[in-house]
Amino acid sequence: MTAGAREEAAGMPEVPYDELRWAVVLGAAGQLGEQPAGHGRVLSGVAIDFPAPPGGPAPRRREQRQEQDGRDGRDAPEPAVLAPDLAVLAPDAARGGRGRFGAAGVEAVLEVARPGLGETSRAYARGGVPLYVVVDPAAAVCTVHTAPSPEGVYREAERVPFGNDLFLPLGGRTVVLRTDDFPARSATAPPAPPGAPAPTPGADPGVGRGIVDG
């Protein structure tokens, strides 16, 4: 890990969450763009349709609202419209009737850990996104989730500390993502969205955030 990524948090002012998030997103997107040809598009903050949760309203990403397409919603449930920090599309991904890409065309999603990520994670699993990476600057660790289930759970998860390469299987190829320059330091976390569950008493908020446990 580089000296910049290993700066000690003691005695340093907290870094705004968005600054850390963009450092991770821009670093990861740049690396993905350098990988061999044949991959699909890489998107950041772009709305994508995911399956709505059974029996409840769709999760919303920050200030985004579901777009209305003129239907009364009784013939099919409204999708969960989410905008991942980073999404890798399959080469043949196509836009649907609403003009947005759907979960079926998503090969991987990367999110920077934040409060309230659990329901969003479950939407990715229900949508069958085969690879889901959570980057946690506070804990200096990445968690790579695989084997999604229709119930909204990733059956396998591997924690990889910053400084180790991530070997990510994407559509029959392997993409290597270096984590040396991911910022690992204290951060001012964004506020939890309305209705998000409170942290477990006594739990370390910097460890394991974003991991979907069955």
Side-chain angles (χ1 to χ4, degrees), residues 1-34 42-48 50 58-66 80-88 106 108-124 129 131-145 157 159-166 168 177-212:
M1 185 180 299
T2 64
R6 287 184 178 276
E7 290 179 346
E8 296 292 338
M12 294 180 59
E14 289 189 336
V15 180
Y17 170 80
D18 281 343
E19 181 178 334
L20 292 179
R21 182 171 67 90
W22 278 112
V24 171
V25 169
L26 293 176
Q31 293 186 57
L32 291 171
E34 297 170 355
V42 178
L43 307 178
S44 178
V46 175
I48 298 174
F50 290 89
R60 297 185 180 185
R61 174 63 187 274
R62 297 188 180 95
E63 70 280 2
Q64 288 186 348
R65 298 180 179 179
Q66 293 185 10
V81 182
L82 303 175
D85 285 335
L86 206 63
V88 180
V106 178
V109 164
L110 179 148
E111 293 277 15
V112 179
R114 65 181 185 277
L117 191 58
E119 183 55 43
T120 300
S121 304
R122 286 184 279 276
Y124 295 153
V129 176
L131 184 66
Y132 169 48
V133 180
V134 176
V135 179
D136 191 340
V141 68
C142 299
T143 304
V144 181
H145 301 82
R159 291 167 63 88
V160 181
F162 284 11
N164 296 278
D165 292 346
L166 302 180
L168 308 177
L177 195 63
R178 302 182 304 276
T179 67
D180 302 70
D181 291 326
F182 282 179
R185 63 189 72 177
S186 176
T188 302
T200 303
D204 182 350
V207 177
R209 290 183 298 170
I211 298 177
V212 180

**OP:** Quick one: do His145 and Val133 satisfy side chain to side chain contact (heavy atoms under 4.5 Å, CB included)? Show the steps, please.
**Re:** CA-CA 6 Å; His145 301 82; Val133 180; over 6 Å; no
**OP:** Begin from the C-alpha positions of Val144 and Leu131 and carry the test side chain to side chain contact (heavy atoms under 4.5 Å, CB included) through to its verdict.
**Re:** CA-CA 7 Å; Val144 181; Leu131 184 66; 3.5 Å; yes
Original post:
Checking side chain to side chain contact (heavy atoms under 4.5 Å, CB included) for the pair Val106/Val88: CA distance, chi angles, key distance, verdict?
Top reply: CA-CA 6 Å; Val106 178; Val88 180; over 6 Å; no
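In this structure, Cys142 SG and Asn164 CG are separated by 9.0 Å, a value rounded to the nearest 0.5 Å. Between the CD atom of Gln31 and the CG atom of Leu168 there is a distance of 10.0 Å, given to the nearest 0.5 Å. Between the OG1 atom of Thr120 and the CD atom of Glu111 there is a distance of 6.5 Å, given to the nearest 0.5 Å. Rounding to the nearest 0.5 Å places CG of Leu166 at 10.0 Å from OG1 of Thr143. Note that OH of Tyr132 is 10.0 Å distant from CZ of Arg122, once rounded to the nearest 0.5 Å.
Residue Val109 comes nearest to Tyr124 through the heavy atom pair CG1-CE1, 3.4 Å, listed as atom of the first residue, atom of the second, then distance. Closest approach of Tyr17 and Val112 over heavy atoms only: OH-O, 3.1 Å. Counting all heavy atoms, side chain and backbone alike, Phe182 lies closest to Val135 at CD1-CG1, 3.8 Å. Shown here for Ala184 and Ala140, the closest heavy-atom pair between the two residues is CB-CB, 3.7 Å. Shown here for Asp136 and Phe162, the closest heavy-atom pair between the two residues is O-CZ, 3.7 Å. Residue Ala23 comes nearest to Pro183 through the heavy atom pair CB-CG, 3.9 Å, listed as atom of the first residue, atom of the second, then distance.
Within the 4.5 Å cutoff, side-chain heavy atoms of Phe50 are placed close to those of Val129.
Legend: residues meeting side chain to side chain contact (heavy atoms under 4.5 Å, CB included) with Asp165, ordered by chain and number and at least two apart, are Phe167, Val176, Arg178, Asp180.
With hydrogens and angles ignored, the 3.5 Å screen pairs no side-chain donor or acceptor of Ser44 with any backbone N or O of Leu86.
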